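To start, the structure under review is shown below, and the notes come after it.
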Amino acid sequence: MLDTKDKVAVVKEQIEEKIRHPYLLKYIQSPYIDEDKVLLLVSILDHVNLSGDKLKNYAITTMLIQIALDTHELVTKEKLDAAELKNRQLTVLAGVYYSGLYYKILAGLDDIHMIRLLATGIKEVNEHKISVYQQASEAVDILMDSVRRIESSLFEKISELLDDPNWSEFVSNLLFHKRLMKEKVLFLQGGSSVVFEALKNLLFPNSDYSNACTDQRHVLIHTCDRYIESSKRMLEKYMSKLPMMNELLAHRVQAIINQHHPAGNIFVEEG
Amino acid sequence: MKLKMMYSFLNSDLKNIEQTLEETVNAESSLLHEASLHLLKAGGKRIRPVFVLLAGKFGTYDINKIKDVAVALELIHMASLVHDDVIDDAELRRGKPTIKAKWDNKVAMYTGDYIFARSLELITNIEKPCTHQILSNTLVELCIGEIEQIKDKYNFEQNIRDYFRRIKRKTAILIAVSCQLGAIAADVDDKVHQKLYRFGYYVGMSYQIIDDVLDFTGTEKELGKPAGDDLRQGNITLPVLFAMEDADIRKEIVKVRETTQQAEIERIITLIKSSGAIERSLKVSDQYLNKALDNLKDLPQNRAKKTLMDIAKVIGKRNF
């Protein structure tokens, strides 16, 4: 019987095997496999009454979709020269290829229900991605809900296999928390953050993202921190409601939570 | 007779399909909805849904079941067009701005992925596992075909088998599967849907060869791009492969790059035409067409069969 760590390793290895396409990987960067997401999937599916093979395949197919969507995020907008264009062309096709594999694997298992469930997840993710990208949200709460759903729609489909809404809440808060942390780091490092751009458009609609003044930057960071702290509290709440959670996941979540330092602390340290 | 006239008896079902296509891309996001509709309203021959419906006529024709297959296949085709326009950096499709041109690559990627998801949601209304095994395999093959096409660009060492394998994946397989899945949704015997698959496959091969010939015989106005553009882009098609059998012509062709001037392309087109490569390619296309028609021979006589034969013949004779 494999323990959680071994199961995560097996799933990750099999994903790497599925996405290994020598020609694609010659030109595009090897897809990033988020081990936290694999751990999350394995931990949820461990509580669903499934055979080992099904567990593995559900985790693999969900991750293939995640990788496909992440790969398509890398498709750029600007005009490129011939060599860079080839990279972009293959990035588009790699995403299509990975999502085709999800369908092929589940079709091979005659699992029509799961094909549909995950397709609905893809649909929801893209609905919210375009909303954030278009800066269509009318309020910060709506924007943050879209960010949350971009991160969690797929994984919530898996958690819905359990008859326990606490898992869905836990999943959604964990992935939302991680994403906001990532966006905050991007913003602090001066990079382009689609979430901060949308936030800026909502809070300071008349000024440029790239030229945000110090006061505006503080407001943006504090707003983001509020949601990070709120998701942290929710995570703690739902973790206490899920005593059967495996130790590996519990430790990992604690580590993620502990990574966050609200802006006040940063500014004091910087000051 | 025009293509649309041949299947006019399907008009009410095709209208139903058009309506379902619109309903299916009715996204919550206004931009996603607008972008999807933009593509839908740009038209298209809807040849895949037509093949699905006609194949369905060989079994128990229930439009509500068959419609899901027809709409899903058209959506898959649409999603691939949106992604292809990003791949090709294309500004126009069917004379209208592409999604990536009207908005940008990001919007195109989200729209393509959204349409793909909607197509899978819809096709899962069909509970037959073989439908999904066939379709999923096709989607992966299609994608591999596109990757191979990029890999083979300006590869003048490739042979005719490489070309046939590529156009099978690129074009023929989705037409073949349209016929097969329409028939399966109508509960036909295995033999019948296999014959319809082969019919679609051969028609698709013939169609693509003619498309590749037209790249050299069409005018810029007819093609919507300069003649020989496929060759300039590095796509080595059947007429090129035939023409390269002549060592002198081959020497000229292998020099082609994306930067080659149109005047030089025109000179090479003349060489290709003079080599007899166009006639030989059309002969191969005819052979595929005859194979397609052969596969219909043993099928029951009905209006759908006659229409499939007519469509195949029109495809074989098409100028554009």
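Since the model is a prediction, treat every value here as computed from it, not as a measurement. Chain identifiers are assigned alphabetically (A, B, ...) following the order of the sequence lines, protein sequences preceding nucleic acid strands; residue numbering begins at 1 within each chain.
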What part of [X] gets within 4.5 angstrom of chain B, counting heavy atoms only: side chain, backbone, both, or neither?
{"X": "E78(A)", "value": "neither"}
{"X": "L24(A)", "value": "side chain"}
{"X": "Y133(A)", "value": "side chain"}
{"X": "Y102(A)", "value": "side chain"}
{"X": "T91(A)", "value": "neither"}

Out of curiosity, [X] [atom1] to [Y] [atom2], how far, rounded to the nearest 0.5 Å?
{"X": "S136(B)", "Y": "L106(A)", "atom1": "OG", "atom2": "CG", "answer": "9.0 Å"}
{"X": "E127(A)", "Y": "L32(B)", "atom1": "CD", "atom2": "CG", "answer": "5.5 Å"}
{"X": "E124(A)", "Y": "E28(B)", "atom1": "CD", "atom2": "CD", "answer": "8.0 Å"}
{"X": "L74(A)", "Y": "M109(B)", "atom1": "CG", "atom2": "CE", "answer": "10.0 Å"}
{"X": "N126(A)", "Y": "R118(B)", "atom1": "CG", "atom2": "CZ", "answer": "12.5 Å"}

Item checked: Partner of I87(B) under side-chain contact (heavy atoms from CB on, under 4.5 Å), chosen from R88(A), Q89(A), K86(A) ->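 That would be Q89(A); it is the only one of R88(A), Q89(A), K86(A) passing the side-chain contact (heavy atoms from CB on, under 4.5 Å) with I87(B).
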Item checked: Passing candidate, side-chain contact (heavy atoms from CB on, under 4.5 Å) with E146(B), options V96(A), L90(A), L93(A) ->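 Answer to the side-chain contact (heavy atoms from CB on, under 4.5 Å) test with E146(B) among V96(A), L90(A), L93(A): L93(A).
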For the side chain of [X] and the backbone of [Y], is there at least one donor-acceptor N/O pair under 3.5 Å apart?
{"X": "E121(B)", "Y": "A119(A)", "answer": "no"}
{"X": "N105(B)", "Y": "T76(A)", "answer": "yes"}
{"X": "K123(A)", "Y": "I115(B)", "answer": "no"}

Top contributor to chain B contacts, counting heavy-atom pairs under 4.5 Å, from [options]:
{"options": "I105(A), I122(A), L80(A), T120(A)", "value": "T120(A)"}
{"options": "H113(A), H128(A), K79(A)", "value": "K79(A)"}
{"options": "A94(A), A107(A), G95(A), S99(A)", "value": "A107(A)"}

Does any backbone or side-chain atom of [X] lie under 4.5 Å from a heavy atom of chain A? Answer side chain, backbone, both or neither.
{"X": "E127(B)", "result": "both"}
{"X": "D84(B)", "result": "neither"}
{"X": "L122(B)", "result": "neither"}
{"X": "I150(B)", "result": "both"}
{"X": "L142(B)", "result": "neither"}

Item checked: Option that, when pairs with chain A are counted at under 4.5 Å, heavy atom only, ranks first among Y114(B), F116(B), W103(B) ->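 Between Y114(B), F116(B), W103(B), the count favours Y114(B).
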Margin query: Looking only at heavy atoms and a cut-off of under 4.5 Å, which of V140(B), V107(B), L139(B) has the most pairs with chain A?
Written below: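 It is V140(B).
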Next item on the list: Any chance you could lay out the side chain to side chain contact (heavy atoms under 4.5 Å, CB included) test for K128(B) and I112(A), step after step, and finish with the verdict?
Entry: CA-CA 9 Å; K128(B) 288 181 181 169; I112(A) 297 168; over 6 Å; no
Next item on the list: Using heavy atoms and a sub-4.5 Å threshold, report which of residues 12-23 of chain A line up against chain B, by residue number.
Entry: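 The residues closer than 4.5 Å to chain B, in numerical order, are H21(A), Y23(A).
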Is it true that, when you exclude [X] itself, more than 12 heavy atoms of the residues, nucleotides or ligands shown sit nearer than 6.0 Å to its [atom1]?
{"X": "D163(A)", "atom1": "CG", "answer": "no"}
{"X": "E23(B)", "atom1": "CD", "answer": "yes"}
{"X": "R257(B)", "atom1": "CZ", "answer": "yes"}
{"X": "N49(A)", "atom1": "CG", "answer": "no"}
{"X": "E91(B)", "atom1": "CD", "answer": "yes"}

Checklist line | Derivation and outcome, side chain to side chain contact (heavy atoms under 4.5 Å, CB included), residues K106(B) and E73(A) | finding: CA-CA 8 Å; K106(B) 289 273 175 199; E73(A) 275 301 310; 3.9 Å; yes
Margin query: Contact between K77(A) and K100(B) at the side-chain level, heavy atoms closer than 4.5 Å - yes or no?
Written below: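 The answer is no, as the side chains (C-beta and beyond) never meet within the 4.5 Å cut-off.
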Notebook entry, point to check: Would you say the side-chain atoms of Q133(B) and Y103(A) include a donor-acceptor pair closer than 3.5 Å?
Noted result: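 Y103(A) and Q133(B) do not have a side-chain donor-acceptor pair below 3.5 Å.
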Checklist line | K129(A) vs D113(B), salt bridge (Lys or Arg N to Asp or Glu O under 4.0 Å): CA-CA, chis, key distance, verdict | finding: CA-CA 11 Å; K129(A) 273 188 174 182; D113(B) 287 348; over 6 Å; no
Note to self: Would Q134(A) and Y110(B) count as a side chain to side chain donor-acceptor pair (under 3.5 Å) here? Give the steps.
What the structure shows: CA-CA 11 Å; Q134(A) 191 196 6; Y110(B) 296 146; over 6 Å; no
Check: Using a heavy-atom distance cut-off of less than 4.5 Å, which residues of residues 163-173 of chain B contact chain A?
Finding: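 None at all.
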Check: Do L120(B) and R116(A) pass the side chain to side chain contact (heavy atoms under 4.5 Å, CB included) test, and can you show the C-alpha distance, the side-chain angles, and the key distance before you say yes or no?
Finding: CA-CA 7 Å; L120(B) 290 198; R116(A) 183 183 303 143; over 6 Å; no
